[in-house]
Amino acid sequence: MLTRPPEKGHASMPTSEFLHEATERGFVFQCTDTEALDAALRAGTVSGYIGFDATANSLHVGSLVQIMLLRLMQRTGQRPVTLMGGGTTRIGDPSFRDEARQLLSDEQINANLAGIRRCFDPFIRFGDGPTDSFMPNSAEWLDKLGYIELLREVGVHFSVNRMLSFDSVKSRLDRDQGLTFLEFNYSILQSYDFRELNRRYGVTLQMGGSDQWGNIVSGIDLCRRTDGKQVFGLTTPLIATASGAKMGKSAQGAVWLTADRLPVFDYWQFWRNTEDADVGRFLRLFTDMPLAEIARLEALQGAEINEAKKILATEAAALAHGRANAETAAETARQTFETGGGAEDLPRVTIPAADAAEGIPAFRLFALAGLAASNAEARRLIRGGGARVADALVSDEAMLVSAAQLADGVKLSAGRKLHRLVQAV
């Protein structure tokens with residue numbers, strides 16, 4: 001039975017702590033049977049999982065709704081399970097993609113799995129306790145499957161007609177874009193994951209973004225048809241900004257969750273740049289702040305809303321990178337933007353001293369610092385009046401930044417929001 005989340009304050013709001021707060025904070029888009037899941041959550045500890053494919057060596061903000069939902073499970077006395085898709089990554093999820101994912105080698109997948117693990121440690125507690133998370137890898141069972149065995153034991157329960165009706169599949173076919181047989185099998189493998197997690201670990205809830213609805217329902221059907229088990233599915237809304245931009249992207253690319261892929265200052269600044277209309281929603285989804293305090297902050301008007309954005313940035317950065325690092329980033333931003341202070345704590349880029357011996361043209365330095373994607377883009381930035389060196393406007397794209405400046409460390413600014421400290425060592 002498909003149910004939508006009730007309106008806040010409605011009499012039929014869930015009463016289990018997890019499902020009630022998940023609904024209040026805006027995590028719930030669809031649920032297969034809200035009443036039954038709510039009863040199970042009230043009766044004891046429920047194990048719920050979300051799967052993460054290893055397509056890169058870090059996750060970005062686009063995955064943060066799922067991570068925060070697992071965190072909420074743990075905060076409310078339930079057991080979150082973080083499934084690593086070591087098996088499904090070898091196929092590639094076709095959901096709402098324009099083309100097939102690039103197939104990765106086993107070596108790449110294993111390296112990515114090791115990197116992704118770091119993303120969860122700040123948010124979720126792992127261990128052997130009843131509400132501690134653990135991290136199974138779907139390769140443990142999928143890599144051992146025989147093709148004929150899978151067809152006979154599992155494939156018989158899947159209707160091609162129904163699979164073709166999934167929005168994730170229809171969106172590809174409606175655009176006359178090919179869907180390989182390899183990708184078409186992804187839903188079967190994800191369903192197999194759910195049944196295997198239920199059999200091995202008693203997992204009874206699968207969660208994911210709304211684009212995973214068809215795959216989740218298929219897994220529920222497989223558990224019912226083969227094992228007679230009642231299990232549940234819950235999806236979150238796909239998050240976009242108020243202006244329609246995709247969550248997790250910035251002008252400089254993906255907003256990664258690990259500091260080696262994105263400096264803490266840039267992570268803080270991403271949240272500080274939240275649109276006014278998104279502040280309350282993002283505070284509910286991406287922080288642990290009490291709902292009453294969030295309601296107060298999102299009601300602020302005019303220039304005061306900027307204080308709410310700073311709180312959002314600091315709280316979100318504290319979860320991902322630790323409170324001390326978040327407060328350092330906040331103070332660096334205050335000094336940089338509000339007092340014209342120094343750049344000592346800005347994201348630092350180093351270049352070999354030998355390369356700077358004759359000085360470096362400004363356009364090339366902006367590209368080296370990652371403030372422009374190419375030399376040509378750096379030239380356009382300077383021509384447009386958006387580049388500063390040591391807070392001084394750059395009008396000549398070929399202006400040399402001297403070896404002495406670079407030895408001491410020089411602040412570069414692209415627009416008002418992107419800054420780097422570049423030093424030759």
Side-chain angles (χ1 to χ4, degrees), residues 1-51 63-83 123-125 129-133 194 197-198 201-221 223-224 229-239 247 278 280-298 315 319:
M1 178 177 65
L2 166 63
T3 52
R4 296 275 187 174
E7 296 295 326
K8 293 178 183 178
H10 192 275
S12 62
M13 277 286 287
T15 56
S16 63
E17 186 179 2
F18 167 67
L19 204 52
H20 181 88
E21 187 165 349
T23 303
E24 287 279 289
R25 287 184 176 269
F27 283 104
V28 181
F29 181 68
Q30 292 171 303
C31 185
T32 51
D33 191 334
T34 302
E35 290 185 5
L37 175 58
D38 196 36
L41 289 161
R42 290 194 304 269
T45 301
V46 169
S47 295
Y49 90 96
I50 299 176
S63 298
L64 194 52
V65 166
Q66 311 308 326
I67 295 173
M68 290 299 294
L69 186 58
L70 291 170
R71 178 180 174 84
L72 181 59
M73 279 201 81
Q74 194 165 63
R75 285 203 298 112
T76 54
Q78 307 300 330
R79 183 173 70 155
V81 180
T82 53
L83 175 67
F123 295 92
I124 299 169
R125 184 183 67 255
T131 62
D132 288 345
S133 186
F194 196 1
L197 288 169
N198 179 260
Y201 307 112
V203 175
T204 55
L205 172 64
Q206 182 182 175
M207 301 175 290
S210 59
D211 58 337
Q212 296 298 310
W213 179 251
N215 294 340
I216 291 173
V217 170
S218 292
I220 291 170
D221 283 347
C223 292
R224 177 180 57 81
K229 295 287 188 67
Q230 181 184 32
V231 294
F232 306 99
L234 183 153
T235 63
T236 61
L238 296 182
I239 304 298
M247 189 66 185
D278 289 327
R281 183 165 60 115
F282 287 1
L283 281 166
R284 281 186 287 272
L285 290 170
F286 301 118
T287 79
D288 293 337
M289 293 183 65
L291 292 170
E293 176 63 8
I294 293 172
R296 183 189 71 81
L297 290 171
E298 71 176 327
E315 293 300 316
L319 287 177

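We use all heavy atoms of the structure for the numbers below, so side chains are in, but hydrogens, waters and symmetry mates are not. It should be emphasised that the depicted structure is a prediction, and the values quoted were computed from it without experimental measurement.
- Contact between S133 and P80 at its shortest, heavy atoms only, is OG-O, 2.8 Å.
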Check your understanding: Would V217 and D221 satisfy side-chain contact (heavy atoms from CB on, under 4.5 Å), going step by step from the backbone distance to the final call?
Key -> CA-CA 6 Å; V217 170; D221 283 347; 4.1 Å; yes
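- Expressed to the nearest 0.5 Å, how far SG of C31 lies from CG of L205 amounts to 7.5 Å.
- For the atom pair CD1 of I239 and CG of L285, the computed distance is 5.0 Å after rounding to the nearest 0.5 Å.
- The shortest non-hydrogen separation linking M207 to I50 is O-CG1, 3.5 Å.
- With rounding to the nearest 0.5 angstrom, the CG atom of D288 is 11.5 Å from the CG atom of L283.
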Review point. Between I216 and Q30, does a side-chain contact (heavy atoms from CB on, under 4.5 Å) hold up when you go through it step by step?
Key: CA-CA 11 Å; I216 291 173; Q30 292 171 303; over 6 Å; no
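- T235 contributes no side-chain N or O that, together with a main-chain N or O of F29, makes up a donor-acceptor pair within less than 3.5 Å.
- Residues L234 and L69 are in side-chain contact: their nearest non-hydrogen atoms beyond the backbone lie under 4.5 Å apart.
- To the nearest 0.5 Å, atom CD of residue E21 and atom CE of residue M13 are 10.0 Å apart.
- No donor-acceptor distance shorter than 3.5 angstrom exists from the side chain of R79 to the backbone of V203, with no hydrogens or angles considered.
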Check your understanding: Could you go step by step and tell me if V231 and Q206 meet the side-chain contact (heavy atoms from CB on, under 4.5 Å) rule?
Key -> CA-CA 8 Å; V231 294; Q206 182 182 175; over 6 Å; no
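- Residues Q230 and A36 approach most closely at NE2-CB, 3.7 Å, considering heavy atoms.
- With sequence neighbours left out, the side chain to side chain contact (heavy atoms under 4.5 Å, CB included) criterion links R125 to Q74, T131, D132.
- When all heavy atoms of S47 and V81 are compared, the pair lying nearest together is CB-CG2, 4.5 Å.
- Not counting sequence neighbours, the partners of D38 by the side chain to side chain contact (heavy atoms under 4.5 Å, CB included) test are P14, T15, S16, L19, R42.
- Residues passing the side chain to side chain contact (heavy atoms under 4.5 Å, CB included) test with E17, sequence neighbours excluded: T76.
- Of all non-hydrogen atoms in E24 and L291, the two that sit nearest each other are CB-CD1, 3.8 Å.
- Note: F18 CZ to H20 NE2 = 13.0 Å, rounded to the nearest 0.5 Å.
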Practice item. Determine, step by step, whether L70 and F123 satisfy the side-chain contact (heavy atoms from CB on, under 4.5 Å) criterion, reporting the C-alpha distance in whole Å, the side-chain angles of both residues, the deciding distance to 0.1 Å, and the verdict. Key: CA-CA 9 Å; L70 291 170; F123 295 92; over 6 Å; no
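- Rounding to the nearest 0.5 angstrom, the gap separating the CD1 atom in I124 from the CG atom in L72 is 11.0 Å.
- Summarising the geometry of G48 relative to M73, their closest heavy-atom pair is N-CE, 3.7 Å, with the distance given to 0.1 Å.
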